[in-house]
Structures are given as C-alpha cells and as structure tokens.
**Q** 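Right, I'll just put the structure down here and ask away after.
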Amino acid sequence: MSRPLRVLLGVSGGIAAYKSAELVRRLRARGHEVRCALTRSAVAFVAPLTLEVLSGRPVDQEEYLVPGVAHGPEIEEAHIAAAAWAEVLCVAPATAHVLARLALGLADDFLTTTALAFTGPVVVAPAMHSAMWEKPATQQHAGTLKGRGVWFAGPVEGPLASGEVGMGRMAEPETIVAAVEAAAGSGPLAGRTVLVTAGPTHEPLDPVRFLGNRSSGRMGFALAAEAARRGARVVLIAGPVALATPSGVTRIDVVTAREMERAVHEHAPAADLVVMAAAVADFRPRRVAAGKIKKEEGLPPADIEMEENPDILAGLRAVAPRAVLVGFAAETEDLDRHARAKLERKDADFLVANDVSRRDIAFESGDNEVTVFRRQGEPVFFSRRPKPELAASLFDLFTATLSDRADRETSPAAGPR
Ligand code: C5P
C-alpha cells in the first residue's frame, strides 16, 4: 500500500474526462488527497461540482490572468501554491493539446502554469483519437515528455469515442492510480538515484561512417524500467538505439564513448547505484575525416589509426565513491576468468557476464542468460529468461547490497565501503 499522497489531478477536455470522477474516487479510496484543476474545455465534459464533491476540495478552473480582469496577488500566486502543495501531478485525460503545451512549456492557464512551476513527478494519461495519437507532432511531444521522466499511463487500444477501435483510449483509472503511486516513489528504491547506461557507442570515421557494435540497448532499458518501477529516480544514458524511453526515466542521448563519459561523470556523483550496461567502444579512430572518405582516395581499413577510449567504469570509483557499481561483460570465451579479472580491474561491486558466442541469446535477442560475479559471495547464475524478467532478478541482488551499504553508512562504525 502506498503512503498517502497529495495528488493534483489535471483534467483536460476530452470525452474521457467523464472517467476522471471515477479516478478521483479511487485515489481517495487509496487514502490520497486530491485537488482537481480543469482546463476550460474540460468543463464541457465533466461538471466541476462532481469533482468538487468527490475530491472534497474546491476545483481550480479559472483562466490564469484573463486579459482585462483585475487579479489580486493571491490569484497570481495560486499556481505556485498548488505546485508546492502537490506531491504528484497527474493529467488524466491528457489531450493532444495539453501534451503539446506540457512538452513546449507553454503556460496559459491554471493547469499549465502549475505544471511549469511543479518540480515533482508527473503522470499523464493520454486520450485521443488514434489518428491524433499517431501524428508525428504528438509522438514527438510524447517522446520529449518521456525523455524528461514523465510517466505515461496508456493510452491503450480499444473502442474510441468515434465508434472506431484503435490506439488512443485512456488507460483505466486503476492503471492510472498505480502509475501515480509508482511515480511518487513508494517502492523499495524510493529516494534512491539509479544511473544506467545502455546501448552501443558510435565512433565516427567521417560524417557518414562510424565504428559501432551490435548492442541493442534492450538489457539496459529493461534495467532502467525496473529501477523506475521500484521507485528510484532513474537517469538513463543511452547510446544510439531505437527504443522508447521507459516510463518515469530521464533519458540523455549520447553518441560517442567520450560523450557518454561526460554524461556519466555529471550524474554519477548523485547516484546510489550505477549500472554500466552500455557496450562502450574501447577504441576510436584517431582522426575523423571532415568530408566523406572516398573510395578513389584508397583507404583500406588497416590504415585507420585508432586510439583508446576512456574506460568509464574503471574510473568511476573516484567519481562516485558511495555508489554501488555494476559492470557488464560480453565474452566469447573463458567467461569466468575474464569476468573475475574485470571485476577486480574495474573495481566494480558486481560484474554481469554473458556469453555472446551464444547466437540464441545476448545482443539482439529479447532473452539473456548471465552469471553475476560479485565482491562478496559466490557467482550467481541466472538461466535464460526475457530481459525484463532478468532485470528484476538482477535488481533483487543489487538492492540487497544497496541496503547493506546504507545501513553501514548510517552506523557509527561505518567503514569506507
Ligand atoms: O572491458 P569491457 O569492455 O569488456 O568491460 C565492459 C564493462 O565496462 C561494461 O560495464 C562497460 O559499460 C564498461 N566500459 C566502460 N568504458 C569502456 C569500455 C567498457 O565503462 N571504455
């Protein structure tokens, strides 16, 4: 059961607004306080009085600074006060218009000014016709919001108001309530910050070519999603991959190993756990040609001079002395020996090793099978399973070490590690 939360529920003008009454009822039934803020068009779909009675609080629906209307200072500050009051902002239904306004930071009514002033977790439950949801503009706005760590509950497929069946239906109130509680960080990793790297890096040769690897990023994305589900604040540093940002995860896109190192160094000092699932290129071309290298100029690959990339993980202990550090190793032979050596050399707490000579699992597969080497205790073998499931098993291991470290830090006899 989640702790009681103060939820600011933004309702925008879609037909699904009628379900917001049920959402308020369910939030209240779970012990949460609810305050509703309606956009002007929402009022056409749901009566403010209904939400007022169900929430037990006055509903905010006034336009912010209507031209020609005199406002006192108390009204001008109302959105700041509402943002300070709320622990979670949930917008359900979120129309295409409100998603666009949130993504662009537009602030032209009570709900959007409050959203802009609000610094806590945000959940949106989009609801619209599938044609509107699938439009590149809406998808881009949704992508922007996801990248900023906004939680998405739905939309789901089903009957739409138009009578058609398609993607765009608002998630059911119980799903939205679960997202609100997860976003508020009521899980076992609440209050923790987890940094995850994922995917390959691309090391440019010229403006159109690069050296890369076959990492799909799926393992790292599954780990980031799992950390968010457990209530952590999650920063995901992703190499070039074609994957959607998991709900509640703040994503930073990078291309090269050096860009990844900069991003990791910026975020690792605040992290309690760093999971380096990215397949970072060990070497990069020493020179990047300014123009496309032409066949006629003759440059056989053997002539590409390489230099070493920084080993991000090996340098992390100095940057994040408190954090639990997890490395990944993809090996094609002698997994045991290489993995143990890497655990030592990189001064990691865990080294998750997988055998990439196995074509049926690892890189591009949805499944993985790994052995986890650790500082204390015997290695742990996880047989083949889907990557999200494996992510959950791995987090069970990491979480235990995190708790041990926190206990030691708070006890007077705490050692350095
Ligand atoms: O040495 P190897 O590349 O096998 O080590 C893999 C682990 O080290 C992974 O966790 C990977 O993210 C990390 N790594 C790194 N910087 C590099 C190479 C690997 O942080 N330049």
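Indexing begins at 1, ligand by ligand and atom by atom, following the structure's order. All figures in this text were calculated on a predicted structure; none of them were measured in a lab.
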**Q** For K346, counting its heavy atoms only, list the atoms of ligand 1 lying under 4.0 Å from any of them.
**A**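 Listed by number with element: 1 (O), 2 (P), 5 (O), 6 (C), 7 (C), 8 (O), 13 (C), 14 (N), 19 (C).
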
**Q** By the definition ring-ring contact (aromatic ring centres under 6.0 Å, His included), identify the one residue from F398, F395, F328, F373 that meets it with F350.
**A**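 Testing F350 for a ring-ring contact (aromatic ring centres under 6.0 Å, His included) against F398, F395, F328, F373 leaves exactly one candidate, F398.
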
**Q** Quick one: does R230's side chain get under 4.5 Å of D396's, heavy atoms only?
**A**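 Touching, per the 4.5 Å side-chain cut-off.
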
**Q** Is the W133 ring parallel, tilted or perpendicular to the F152 ring (thresholds 30°, 60°)?
**A**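 The arrangement is tilted - the two ring planes meet at 30° to 60°.
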
**Q** Give a yes or no on this: more than 12 heavy atoms of other residues, nucleotides or ligands lie within 6.0 Å of atom CZ of R233.
**A**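 Not more than 12 within 6.0 Å, no.
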
**Q** With heavy atoms of K342 as the reference, note each atom of ligand 1 found under 4.0 Å away.
**A**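 Within the 4.0 Å cut-off of K342, ligand 1 contributes 1 (O), 2 (P), 4 (O), 5 (O).
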
**Q** Does ligand 1 have any atom that is closer than 4.0 Å to a heavy atom of D282?
**A**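 D282 counts as a contact of ligand 1 under the 4.0 Å cut-off.
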
**Q** For ligand 1, find out whether one of its N or O atoms is nearer than 3.5 Å to an N or O atom of A330.
**A**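 N/O-N/O distance under 3.5 Å: no.
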
**Q** As a test of understanding, state which of T39, V43, V98, V46 forms a side chain to side chain contact (heavy atoms under 4.5 Å, CB included) with V11.
**A**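 Looking at T39, V43, V98, V46, the match for V11 under the side chain to side chain contact (heavy atoms under 4.5 Å, CB included) is V46.
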
**Q** May I ask you to list the atoms of ligand 1 that are less than 4.0 angstrom from any heavy atom of P310?
**A**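 Near P310, the atoms of ligand 1 are 16 (N), 17 (C), 21 (N).
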
**Q** Please round to the nearest 0.5 Å and tell me the distance separating atom CD of E261 and atom CD1 of I312.
**A**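 Going from the CD atom of E261 to the CD1 atom of I312 covers 6.0 Å.
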
**Q** Considering non-hydrogen atoms of the protein only, which is the closest contact for atom 7 (C) of ligand 1, and what is the distance?
**A**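 Result for atom 7 (C) of ligand 1: F328 O, 2.9 Å.
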
**Q** Which ligand 1 atoms are under 4.0 Å away from a heavy-atom of G327?
**A**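 In order of number, 10 (O).
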
**Q** Below 3.5 angstrom, do we get any N/O pair linking V326 and ligand 1?
**A**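 Not met; the criterion fails.
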
**Q** Would you please say whether a donor-acceptor pair under 3.5 Å links the side chains of H32 and E87?
**A**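 Result is no, nothing qualifies.
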
**Q** Please report which non-hydrogen protein atom sits nearest to atom 20 (O) of ligand 1, along with the residue it belongs to and the distance in Å to one decimal place.
**A**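 Going atom by atom, the protein heavy atom closest to atom 20 (O) of ligand 1 ends up being L313 N, 2.8 Å.
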
**Q** Side chain or backbone, does A278 bring an N or O within less than 3.5 Å of an N or O on ligand 1?
**A**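 Yes, since at least one N or O of A278 sits under 3.5 Å from an N or O of ligand 1.
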
**Q** Between R385 and S393, is any side-chain donor less than 3.5 angstrom from a side-chain acceptor?
**A**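 Present: a donor and an acceptor within the cut-off.
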
**Q** Starting from atom 16 (N) of ligand 1, which protein heavy atom do you reach first, and at what distance in Å?
**A**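 Protein heavy atom with the smallest distance to atom 16 (N) of ligand 1: I312 N, 3.0 Å.
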
